[in-house]
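Read the numbers this way: they start at 1 and go in the same order the structure lists the ligands and their atoms. From a predicted model like this one, the values you see are computed outputs, not experimental measurements.
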Amino acid sequence: MATAALILAAGKGTRMKSELVKVMHLLEGKPMITYPVTAAKALGAERVALIVGHQADRVREQFSDDATISIVLQEEQLGTGHAVACAGEFLAGCDGDVLILCGDVPLITRETLASLMDVHAGHGGTVTVLTARVPDPFGYGRVIKDDAGRVLMIVEEKDATPAQREVNEVNSGIYCVNASFLRDAVTKIGNDNAQQEYYLTDIIGLATAEGAACYTSTVADHMEVMGVNDRVQMSTAGAVLRRRINEAVMLSGVTLIDPLVTYIQQGTVIGRDTIVYPNSFIGGGTVIGEGCIIESSVTITNCRLADRVHIKAGSVLEESVVQSDVSVGPMAHLRPGTLLKDHVKIGNFVETKKAVMGEGSKASHLTYLGDCFIGKDVNIGCGTITCNYDGKKKHITVIEDGVFVGSDVQLVAPVTVGKNSLIAAGTTVTTDVPPDSLALSRTPQVNKEGWVAKRQLKIET
Ligand code: UD1
Ligand code: CA
């Protein structure tokens, strides 16, 4: 069992054409380097060293609250062998085996690493290489074996003979290596090759010289060890990650109408019989209950939705809690701090923020509800606005149970509307309304009969 892992990530990633170091680019919402870290940890690695160079501080920052991660600086990138040699201090603290991974190979799974470790344990365990059979081996190190399947050497594209270039079994750059052997071997690697780099792959020759045999474990799907070098490959890797998540979601009882265009981040929980329509994004640890409908083009981040919730097309929900049988949208915006209790209805063009709505309350059209506590069975009319901000501070609006707010009402906070009151359409509420009252603030209407006809006459003469 490998209890330690080394992740090589010092390269800049020039082909990304980016100001940001490659391994910090977001893949399905998380920096690329977090994927191999997660895979290594899932396999039982208790200590993980990241070999970093470019923008080391950004990588360090990413893992600042994880005590199991050490950051090793490789100031100059002199090759993969040199990278591992930089981790001498870390390796000194390792016994048993060390897994070596690459920061830009994000699709690697725990299962594949487990098979690599099994082969390693079954074959004396000095060096075991994870390989892949690929349709086009160009650019990869070719794995040269003897008839018994033992690795003789790994030869880089630039150093290979035409015959060696024909080999389509390639080095994934992922290995399991005995720690004490590795510690010693990396100090002996030279750079006498086409790229004048210190090749980690030279440990194969050092192991065989000591009489150890090196074996391979071959990944079933070569896509799993694809390296991400540019943004085209990054999108390919993203699609694979999405497919994995979406397949697991569907197999757990959720209907995705079109999984190719459904974006569900890792860590999202969705209950059975929920249906998700295309072009939806659900992420940030959102939990959704059973029997919900998430219509198309909906964005939900960091929310908790209970059962039978219906989110209609084009709505955006952030850091909100939605209880059972609620309907939201189309085109509604729940901003952070919204709590909608059972059977609430939020209609189109309604925005809420730090708003609590009690059971059965409704705001069906064109409304802003911010910093407010709304009781049960309240009707909020079309065009209602809680005027919560006086230019300096935010103030609270309280609307108690059973209140009926007519259309086009402004509630100038701080203000409280007592139970069962009725606010007439067009009212600007500036003082508290006692329970069971009618609040009305309107300029009385004047009708001037015959006025239009008279005006017409004037225009004509
Ligand atoms: C390496 C392997 C090759 C394999 C390929 C798989 C060697 C000599 N070759 O080649 O056999 O098929 O990976 O993708 O190992 N890195 C450092 N410091 C360095 C150099 C590299 O940290 O000084 C890191 C990179 O950031 C990257 C990884 O090591 O994450 C691989 O480096 P890269 O230059 O891409 O290796 P290749 O030349 O592709
Ligand atoms: Ca290279």
Can you name the atoms of ligand 1, numbered from 1 with element, that are less than 4.0 Å from a heavy atom of Ser172? 6 (C)
Looking only at N/O atoms, are Glu76 and ligand 1 under 3.5 Å apart anywhere? no
Step by step, would you call Thr131 with Glu169 a side-chain hydrogen bond (donor to acceptor under 3.5 Å, both in side chains)? CA-CA 6 Å; Thr131 67; Glu169 183 173 13; 2.6 Å; yes
Drop me the distance from Thr397's OG1 to Ile374's CD1, to the nearest 0.5 angstrom. 8.5 Å
With heavy atoms under 4.0 Å as the rule, classify the contact between Leu78 and ligand 1 as side chain, backbone, both or neither. backbone
Which atoms of ligand 1 are found less than 4.0 Å from any heavy atom of Gly141? 3 (C), 4 (C), 11 (O), 12 (O)
Scanning both residues in full, the closest heavy-atom pair of Thr274 with Cys292 reads OG1-N, 2.9 Å
Are any of the N/O atoms in Ala10 less than 3.5 Å from those in ligand 1? yes
Given the ring of Phe90, does Arg47 sit roughly above its face, with NZ or CZ under 6.0 Å from the centre of the six-membered ring and within 45° of the axis? yes
Residues Arg165, Glu157; criterion salt bridge (Lys or Arg N to Asp or Glu O under 4.0 Å); working and verdict: CA-CA 7 Å; Arg165 286 189 183 140; Glu157 178 79 38; 3.5 Å; yes
Side chain or backbone of Gln74 under 4.0 Å from ligand 1, or both, or neither, by non-hydrogen atoms? side chain
I want to know if ligand 1 touches Gly11 in the polar sense, i.e. an N/O pair below 3.5 angstrom. yes
Go through the steps for Arg58 and Glu19 under the test salt bridge (Lys or Arg N to Asp or Glu O under 4.0 Å), then give the verdict. CA-CA 12 Å; Arg58 281 189 157 148; Glu19 181 269 327; 3.4 Å; yes
Check the orientation of Tyr215 and His123. Use parallel for under 30°, tilted for 30 to 60°, and perpendicular for over 60°. parallel
Would you mind telling me if ligand 1 is within reach of the side chain of Glu156, the backbone, both or neither, using heavy atoms under 4.0 Å? side chain
Subset of ligand 1 atoms that lie under 4.0 Å from at least one heavy atom of Ala83: 17 (C), 18 (N), 22 (O)
Under 3.5 Å: N/O of Thr201 near N/O of ligand 1: no
Ignoring angles and geometry beyond distance, decide whether Gly79 reaches within less than 3.5 Å of ligand 1 through its nitrogen or oxygen atoms. yes
Would Gln77 and His54 count as having a side-chain donor-acceptor pair, cut-off 3.5 Å? yes
Only heavy atoms count here, so choose which of Asn193, Ile189, Leu8 is nearest to atom 30 (O) of ligand 1. Leu8
